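Everything quoted here is computed from the prediction, not taken from an experiment. In what follows, every chain begins at residue 1, and chains take the letters A, B, ... in the order their sequences are listed.
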2 protein chains.
Amino acid sequence: MAGRVTIQDVAAAAGVSPSSVSNLLNNRVDKMVPATRQRIERAIAELGYRPNRAARQLRSGRTQTLGLVVPSVGNPFWGAFAREVEVAALKLGGNVLLCNSERDPGRERRYVEELWEDGIRGIILCTSLPSLDHVADVIEDGLRLVTFDRPAQANDPRSVVSISIDNQVGGHLATTHLIDLGHERIAFVSGSLRSVNRSARYRGYCDAIEAAGLSVSEMPVWTGSETGEFGDVEAAGFGRAAAASLFSGEQEPPTGVVAVNDMTALGFCRGLRDAGLTVGTDVSVIGFDDIILADLYDPPLSTVRQPIAEMAQLAVVEASASPGNAAEPGRSVLLRPQLIARRSTAAPVGAVTSSPA
Amino acid sequence: MAGRVTIQDVAAAAGVSPSSVSNLLNNRVDKMVPATRQRIERAIAELGYRPNRAARQLRSGRTQTLGLVVPSVGNPFWGAFAREVEVAALKLGGNVLLCNSERDPGRERRYVEELWEDGIRGIILCTSLPSLDHVADVIEDGLRLVTFDRPAQANDPRSVVSISIDNQVGGHLATTHLIDLGHERIAFVSGSLRSVNRSARYRGYCDAIEAAGLSVSEMPVWTGSETGEFGDVEAAGFGRAAAASLFSGEQEPPTGVVAVNDMTALGFCRGLRDAGLTVGTDVSVIGFDDIILADLYDPPLSTVRQPIAEMAQLAVVEASASPGNAAEPGRSVLLRPQLIARRSTAAPVGAVTSSPA
DNA sequence: TTGAAAGCGTTACCAT
DNA sequence: ATGGTAACGCTTTCAA
């Protein structure tokens with residue numbers, strides 16, 4: 001019954017006009033006589049009235065809902081981020097509509113368009129595609145797009161705001177950590193490097209390697225097949241396969257490993273165990289993200305932390321901002337990642353006796 | 001520009017009436033002359049027209065969007081479930097609006113009401129509250145509510161469909177596994193038991209203990225403070241604290257542990273490590289859920305698996321069903337959990353020499 | 001096979 | 001301080 005109660009019914013029951021009910025609903029109560037207000041409130045309660053969002057949105061053109069497109073909430077990192085986004089949105093009185101892209105550009109595009117059609121005008125898109133062409137037309141229509149985990153690229157539309165850690169610094173941090181511990185044969189393990197953040201992490205890795213007087217070309221870099229794409233949840237299986245390959249005996253194995261994210265690192269650790277090796281003593285492994293399970297792992301996983309709560313907050317503010325009070329668009333916010341050294345990284349077994357370069 | 005294109009503009013551009021455009025949009029093309037159709041399609045493409053969902057929904061009263069309320073996507077189990085729900089919804093041509101309740105009844109209610117106001121008529125609610133009173137009025141209004149991870153209760157409204165594993169069987173499965181391995185001092189570790197699934201798991205635990213001729217009253221049961229609620233993500237910290245307490249030396253420690261879920265189990269393992277104990281040899285630990293990290297852990301965690309893909313599919317079908325083709329309401333689907341024995345459980349050290357009861 | 005016109009429930013303007 | 005009323009963009013009869 002209550003499902004079909006309209007603002008008209010409330011007005012009739014309270015003996016006022018629909019406008020007054022609407023005014024109350026929208027907190028325009030400054031000049032309303034308390035008695036009227038109470039009559040309306042009683043009518044609302046008695047009839048069990050609930051406003052119709054579609055009508056409200058159609059008329060006002062506004063929504064309090066933000067769109068959030070992540071690769072996959074099945075991945076603990078994205079799950080944690082999504083949660084932080086919701087927390088931040090709630091603080092601002094908004095909702096969040098969450099979508100999993102599975103890192104598929106087609107799905108990204110479909111979702112962005114669908115959200116736009118739903119009347120949503122602010123979207124946080126967690127993508128790492130080098131180009132935003134696939135959603136360019138919606139951006140032109142006036143979408144406030146915030147990309148996360150993907151620093152701004154040269155060809156990005158002007159209005160896009162990018163929020164990300166400095167992945168190159170992060171890659172450098174992780175690699176330098178291993179170098180400082182005395183490692184000289186350091187692997188880099190990642191899925192396809194076609195994503196901008198992964199390649200930035202890789203660049204940081206290369207910088208650190210070269211800076212230490214080592215040669216990247218001699219390092220075991222494992223980036224999987226060019227063609228095969230790996231979802232975020234599959235990252236673990238990927239890391240496991242990488243470990244199996246790197247320690248198959250066909251080449252000199254690394255003593256330290258930089259994994260492109262924690263899931264891959266955890267999978268890699270599993271692979272090491274399969275091979276009878278011990279993480280932290282036989283081989284040092286460092287990940288990226290600091291998902292909740294990194295600290296729970298045995299041994300606790302060293303990693304590079306992203307300040308997700310802070311980033312989520314920023315992203316929500318930017319995506320919610322009406323054109324007026326938004327910061328200058330085209331902005332790229334690059335936060336600093338933080339090295340979290342735990343027990344999965346240690347000095348290599350033969351560190352002291354290794355011949356100097 | 002394109003953002004303000006309406007069906008009228010398209011009709012004008014194509015030289016037809018809005019009705020015809022609408023017919024095309026809704027796939028009512030059976031009796032449309034191909035030429036007309038092409039003109040309209042060209043106009044749509046040229047103008048970059050995109051239908052306005054709010055208007056569409058307001059007029060037709062229909063939405064393809066489902067609501068999904070989980071405790072927290074920060075928890076890998078719920079993240080994985082949410083993903084499966086989305087996959088299932090996509091297959092049926094629908095969307096999913098995801099919300100984190102943090103297991104707060106007030107938030108559950110607020111979300112359910114908000115979703116209803118958004119025009120959403122099917123919701124999958126992952127709650128474990130004994131009563132559904134807090135959302136009863138929305139159900140009366142005609143909401144198709146599917147509860148997940150919470151078997152039907154006596155007072156539930158008739159129309160509610162419940163999808164869950166048989167948690168009592170699951171608890172029994174986990175406990176019996178430890179008993180079969182030779183354990184005689186088996187702890188149960190959980191947050192508050194006020195949730196129906198947790199208490200069902202506990203009941204299964206008790207059944208198994210008693211069936212083995214042991215006494216529940218002599219077992220170390222750790223269910224945390226009555227008052228303190230623990231979120232799903234905090235479950236790990238909780239398990240860790242439980243381990244610290246159970247192995248503090250104040251009482252005889254258990255040789256086996258049934259944790260109420262994998263996050264708690266993983267936290268417990270971390271706590272054991274803090275205490276210098278080894279999981280799988282010194283103490284056996286079994287969890288619940290089989291999150292992706294269970295298999296990645298060192299040692300791989302024994303657990304009781306929930307068939308989440310199958311359950312998600314079921315939930316989506318039920319929540320999407322229009323009253324007509326829905327299965328009989330009030331139904332409670334109880335799926336069978338599956339024991340996954342891995343290396344975190346083994347025979348206790350003193351199994352053979354332990355004195356018989 | 002296509003078109004005209006009446007709403008869906010709300011807001012916002014302009015009266016009063 | 002409150003009411004009347006015209007939109008918002010679309011779907012859906014019903015008529016042509």
Asks: For Ile7(A) and dC8(D), what is the distance between atoms CD1 and C1' respectively, to the nearest whole Å?
Replies: 15 Å

Asks: Using whole Å, what does the distance between atom P of nucleotide dT12(D) and atom CG of Leu24(B) come to?
Replies: 15 Å

Asks: May I ask you to evaluate whether Arg28(B) reaches the phosphate of dT12(D), defined as a side-chain N or O under 4.0 Å from OP1 or OP2?
Replies: yes

Asks: Would you kindly compare Asn23(A) and Pro18(A) by the position of their nearest DNA chain D nucleotide and give the one closer to the 5′ end?
Replies: Asn23(A)

Asks: From CG of Asn27(B) over to P of dT12(D), roughly how many Å is that when rounded to an integer?
Replies: 13 Å

Asks: Can you tell me how far C1' of dG9(C) sits from OH of Tyr49(A), to the nearest Å?
Replies: 7 Å

Asks: What's Gln8(A) touching, base or sugar-phosphate or nothing? Going by heavy atoms closer than 4.0 Å.
Replies: base

Asks: Would you please confirm or rule out a distance under 4.0 Å between OP1 or OP2 of dT2(D) and any side-chain N or O of Thr36(A)?
Replies: yes

Asks: Write down the distance between CG (Leu47(B)) and C1' (dG9(D)), rounded to a whole number of angstrom.
Replies: 15 Å

Asks: For Arg50(A) and dT10(C), what is the distance between atoms CZ and C1' respectively, to the nearest whole Å?
Replies: 17 Å

Asks: So, is Ser60(A) close to the dT10(C) phosphate, meaning a side-chain N or O under 4.0 Å from OP1 or OP2?
Replies: no

Asks: Which is true for Arg62(B) with a 4.0 Å heavy-atom rule: it touches a base, it touches only sugar-phosphate, or it touches nothing?
Replies: sugar-phosphate

Asks: How would you label the contact of Gly15(A) with the nucleic acid (heavy atoms, under 4.0 Å): base, sugar-phosphate, or nothing?
Replies: sugar-phosphate

Asks: For the pair Ser195(A) and Arg150(A), evaluate side-chain contact (heavy atoms from CB on, under 4.5 Å) and give the outcome as yes or no after the intermediate values.
Replies: CA-CA 8 Å; Ser195(A) 85; Arg150(A) 174 192 179 281; over 6 Å; no

Asks: Please determine if a side-chain N or O atom of Arg56(A) lies less than 4.0 Å away from the OP1 or OP2 oxygen of dT11(C).
Replies: yes

Asks: Using a distance-only criterion (donor-acceptor N/O pair, under 3.5 Å, no hydrogens), is the base of dA4(C) paired with the side chain of Ser19(B)?
Replies: yes

Asks: Of the nucleotides dA1(D), dG3(C), dG9(D), which one has an atom closest to the side chain of Val33(A)?
Replies: dA1(D)

Asks: Quick check on dT11(D): is either OP1 or OP2 less than 4.0 Å from any side-chain nitrogen or oxygen of Asn26(B)?
Replies: yes

Asks: Round to the nearest Å and state the distance from Asp30(B) atom CG to dT1(C) atom P.
Replies: 9 Å

Asks: Does any donor-acceptor pair link the side chain of Arg59(B) with the base of dG7(C) at a separation under 3.5 Å?
Replies: yes

Asks: Can you label the angle between the Phe77(A) ring and the Phe81(A) ring as parallel, tilted or perpendicular, going by 30° and 60°?
Replies: parallel

Asks: Hey, mind stepping through Gln153(A) and Ser162(A) against side-chain contact (heavy atoms from CB on, under 4.5 Å) and telling me if it holds?
Replies: CA-CA 9 Å; Gln153(A) 303 296 298; Ser162(A) 305; over 6 Å; no

Asks: Walk me through whether Arg53(B) and Glu114(A) qualify under side-chain contact (heavy atoms from CB on, under 4.5 Å).
Replies: CA-CA 9 Å; Arg53(B) 281 270 182 117; Glu114(A) 235 163 58; 3.5 Å; yes

Asks: Choose from dG9(D), dT11(C), dG3(D) the nucleotide whose nearest atom is closest to any side-chain atom of Asn52(B).
Replies: dG9(D)

Asks: From the options dT2(C), dT10(C), dT2(D), select the nucleotide whose nearest atom is closest to the side chain of Met32(A).
Replies: dT2(D)

Asks: Counting just side-chain N and O atoms, does Thr6(A) come under 4.0 Å of either OP1 or OP2 of dG9(C)?
Replies: no

Asks: What is the separation between atom CD on Gln38(A) and atom P on dA1(D), rounded to the nearest whole Å?
Replies: 16 Å

Asks: Quick one: closest heavy-atom pair of Ile123(A) and Ala319(A), and the distance?
Replies: N-CB, 4.3 Å

Asks: With a 4.0 Å limit, can you tell me whether Ser22(B) has a side-chain N or O closer than that to the phosphate oxygens OP1/OP2 of dT12(D)?
Replies: no

Asks: Given His134(B), which partner from the list Glu113(B), Arg109(B), Glu108(B) fulfils the side-chain hydrogen bond (donor to acceptor under 3.5 Å, both in side chains) test?
Replies: Glu108(B)

